[in-house]
Amino acid sequence: MKGLTSKVGWLWVLLVWSAGLVGLLAWQEPVVRQQVLATSASEMQGELYRFRATLRGMLSTYENLPELLAQQPIVTEFLSSSRQKAELQPINRYLEHTNSIMGAADIYLLDQQGTTIAASNWKKPQSFLGRNFSFRPYYHKAKEGDAGRYFALGTTSLQRGYYFSYPVFQRNKLLGIVVVKVDLANIEQSWQSAFRHGAARLLVTDTMGVVFISSEKQWLFHSLGKLTAEQHNQLKQEQRYARRTISTFVQQVIPIGEDSASVFAELHKITLIGEFAEPHSSYLQQQLIMPEAGWVLHIWYNWDEIQQRVNETLLVYGLIAWVLLLVGLFIWQRYRTERQLRVARDRLETRVLMRTQDLMKTNRRLEQEIEERQYTEAQLRQAQEELIQAAKLAVLGQMSASINHELNQPITAIKGLTENSIVFLENQQTQLVAGNLQRINRLCERMGYIVAQFKVFARKTPGELATINAVTAIQSAIDLLNQQLEKQHISVISQLPENGLWVKGDSVWLEQVVVNLLMNAMHALINQTNGVINVSLVRVQEEIKLEVHDNGPGIPEHLLDKVFTPFYTTKGNGQGLGLGLAISQRIIESTGGCITVRNHAQGGAVFSVCIPAVKNG
């Protein structure tokens, strides 16, 4: 019952808070709207100033060009010459060259009556040559002796352009007028690209409110308000927009601020006529006058975007209020939780103390078990090493006859050479004695090499892995068994790389593995007169692969899985304990490799040893 009452109380608190918050936001909505409008007005004004500077910079590039051309001797000489037809081509080429350098739309000369007598576009089908422009205001302005400026739609090219004109005088006599036309299409293209996906739209109107540059093509050559009959007649007379009929696309204009001195004095809400209401029907407008050009710059912000800003601001205020509520609830709840935690902590400390004592006892038992396991592993490792050593000594025992034969031959030879040397000394044949001593020395070196081989093979190693040359270990194993192999008439064909292959391992252990594999092959070839053992070593990707292949009878298929089993052997009594291959497998696995056996398709058994390779030391 207490928990239910608490939940109902919290629900009432949240409901009252929500209702109060909604009322507060509704009361603050006009204030927020004024803030958003003020911010938008500042942004729009900054954009207008920036675009006005862009337009002024572009127009200023060509503003003084007509006056400069009017002072050129080639122009004045052409206008004052009585042979203008003969000199027409040079002046046309001059105007064409000047226009290509300055990047204007067209440059042309008018005579006193307003007829074009030379033009930069003289080669084009729509050339101005012979056309009369006396109806243009820039003609009348220049004829009065002043520089003219005028915007209009070209009657010949139907392209929008801004015209600069300047009179050409000689001795206070008007010879003609220079006119430079500037194309405004590039400005509009940049605006359309900049405002294609944004909330802002930019447009430029003349003094009558007719749009002639706009980021929206559908607004071009429409007015912001209805034109009077007098204005229609003036546009028709000047042919400013050729034969186009100018209609309005604005349905309603509502001022935002009533006070003309406020920041909202230049702001208006514009509502468009239905067919022009896509993608938006209402906009917030601010304008800036450009008096030197006779233009008015307008920037429109999507009204829905303004309303969205208002809603987002109110939403932020609401979220802040909710965050404050949640922070307050969190602090209060944290106080309650900390008080409960203090009680729980005291209880927990008592339990932890008891559990710690149990853990200490368990820890002591684990330490004892770890020590016993480490001792057992050490004993096992020692037994394994002793087993490997015993297997080596067993191999040496099997090789004892070969060792005896290897040493007996040089001993017998030494004895004979010694007896001969005594006789040679008695006869004072010192040169023969010296020759015998040299042969005795070589025989002693050979005996030392034989003993060293068996001594190295027989020594006990710690079994620590190091970088070794596998070719050296394999060759040592072959040399060790060479006498026994020759005695049984077994040929060993080895294919070993000259530069060696390097692996991680123990050289004596690897030698023992090869000895075990060779002796295993020897036992398989006991009853054959043409026994051959092929030993090959190659690198396959990141491993080296050793293969020992004999041409014996092979291993029965049902026994292939048992050859690496300890104490399993197919040899007779006294010929082995069955540990050689099992120990070899254990040695190879300790290096991270593997050993396998299979029967060759052409006969005999093939033992394959794969060991991870390393880079040359």
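Numbering starts at 1 and runs along the sequence shown.
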- Item | Whether Tyr108 and Phe133 hold their rings parallel, tilted or perpendicular, with breakpoints at 30° and 60° | tilted
- Considering only heavy atoms from C-beta outward, does the side chain of Leu224 approach that of Val253 to under 4.5 Å? no
- Shortest non-hydrogen separation from Ala70 to Val168 and the atoms involved: CB-CG2, 3.6 Å
- What is the ring orientation for Tyr150 with Tyr163, classed by angle as parallel under 30°, tilted 30 to 60°, or perpendicular over 60°? tilted
- Task: Kindly indicate, with the supporting measurements, whether the criterion side chain to side chain contact (heavy atoms under 4.5 Å, CB included) is fulfilled by Glu47 and Met44.
- Result: CA-CA 5 Å; Glu47 292 286 345; Met44 295 167 75; 5.7 Å; no
- On a heavy-atom basis, the closest approach of Val250 and Thr248 is N-OG1, 3.2 Å
- Message: Quick check: do Arg52 and Arg56 have side-chain heavy atoms less than 4.5 Å from each other?
- Response: yes
- Message: I'd like to know if the side chain of Arg309 pairs up with that of Thr39 as donor and acceptor (distance under 3.5 Å, no hydrogens or angles considered).
- Response: no
- Message: So Tyr94 and Val75, do their side chains get closer than 4.5 Å, heavy atoms only?
- Response: yes
- Message: Closer than 3.5 angstrom, by distance alone: can the side chain of Gln72 be matched with the main-chain N or O of Leu68 as a donor-acceptor pair?
- Response: yes
- Query: For Glu338, does the CD atom sit with more than 12 other heavy atoms under 6.0 Å from it, leaving out its own atoms?
  - Reply: yes
- Task: State, with a plain yes or no, whether a side-chain heavy atom of Tyr301 is found less than 4.5 Å away from one of Glu43.
- Result: yes
- Do the charged groups of Glu63 and Arg149 touch, with an N to O distance under 4.0 Å? yes
- One should read off an interatomic distance between Leu48 CG and Ile299 CD1, to the nearest 0.5 angstrom, of 5.0 Å
- Query: Do Trp300 and Leu202 have side chains that get closer than 4.5 Å, going by heavy atoms?
  - Reply: no
- Message: So, taking the atom named CG in Leu79 and the one named NZ in Lys173, what distance separates them when rounded to the nearest 0.5 Å?
- Response: 11.0 Å
- Verdict with reasoning, Leu55 to Trp295, per side chain to side chain contact (heavy atoms under 4.5 Å, CB included): CA-CA 10 Å; Leu55 291 172; Trp295 294 350; 4.1 Å; yes
- Query: Can you find a pair of side-chain heavy atoms, one from Met290 and one from Leu59, that are under 4.5 Å apart?
  - Reply: yes
- Item | Contact summary for Thr116 and Phe128, nearest pair of heavy atoms | CB-O, 3.0 Å
- Does any N or O in the side chain of Ser165 come within less than 3.5 Å of the main-chain N or O of Tyr138, such that one atom is a donor and the other an acceptor? yes
- CZ of Arg50 to CG of Leu297, rounded to nearest 0.5 Å, is 12.0 Å
- Specify the closest pair of heavy atoms between Ala104 and Val180, including all atoms of both residues, with the distance to one decimal. CB-CG1, 3.9 Å
- Please name the residue in the list Val178, Val182, Ile107 that meets the side chain to side chain contact (heavy atoms under 4.5 Å, CB included) test with Phe164. Val182
- Query: Between Glu67 (side chain) and Asn64 (backbone), is there a donor-acceptor pair under 3.5 Å?
  - Reply: no
- Query: Side chain of Arg160, backbone of Phe212: donor and acceptor closer than 3.5 Å?
  - Reply: yes
- Query: Should we count NE2 of His232 as having more than 12 external heavy atoms under 6.0 Å?
  - Reply: yes
- Item | Exceeds 12 heavy-atom contacts within 6.0 angstrom, atom CD1 of Ile289 | no
- For Gln541, does its backbone N or O pair with a side-chain atom of Arg539 as donor and acceptor, under 3.5 Å? yes
- Query: If only atom types and distance count, is the side chain of Ser42 paired as donor or acceptor with the main-chain N or O of Ala38 below 3.5 Å?
  - Reply: no
- Item | pair His298-Leu203: side-chain heavy atoms closer than 4.5 Å | yes
- Item | Steps toward side chain to side chain contact (heavy atoms under 4.5 Å, CB included) verdict (Val503, Thr591) | CA-CA 9 Å; Val503 296; Thr591 65; over 6 Å; no
- Say you draw a straight line from NZ of Lys236 to CD1 of Ile246; how long is it, rounded to the nearest 0.5 Å? 13.0 Å
- Query: Taking 4.0 angstrom as the limit, do Glu547 and Lys545 come out as a salt bridge?
  - Reply: yes
- Evaluate the side chain to side chain contact (heavy atoms under 4.5 Å, CB included) criterion for residues Val210 and Thr205: first the C-alpha distance (whole Å), next the side-chain angles of each, then the deciding distance (0.1 Å), finally the verdict. CA-CA 5 Å; Val210 179; Thr205 64; 5.8 Å; no
- Query: How long is the gap from OH on Tyr166 to CG on Leu65, to the nearest 0.5 Å?
  - Reply: 13.0 Å
- Message: Any heavy-atom pair between the side chains of Trp122 and Leu88 that's under 4.5 Å?
- Response: no
- Check ring-ring contact (aromatic ring centres under 6.0 Å, His included) between Phe78 and all other residues, then give those that pass, not counting sequence neighbours. none
- Message: Quiz question: by atom type and distance under 3.5 Å, do the side chains of Glu96 and Asn92 form a donor-acceptor pair?
- Response: no
- Task: Look up atom CD1 in Ile91 and atom CD1 in Ile117, then write down how far apart they are to the nearest 0.5 Å.
- Result: 8.5 Å
- Backbone N or O of Met102 within a donor-acceptor pair of the Tyr62 side chain at under 3.5 Å? yes
- Message: Looking at every non-hydrogen atom in both residues, tell me the closest pair between Leu175 and Gln112 and how far apart they are.
- Response: O-CG, 4.0 Å
- Item | Side-chain (Ser127) to main-chain (Lys124) donor-acceptor, under 3.5 angstrom | no
- Examine Arg244 relative to Phe221 and say whether NZ or CZ is less than 6.0 Å from the centre of the six-membered ring and inside a 45° cone about the ring axis. yes
- Atom of Leu95, atom of Ser120 and distance for their closest heavy-atom approach: O-CB, 3.5 Å
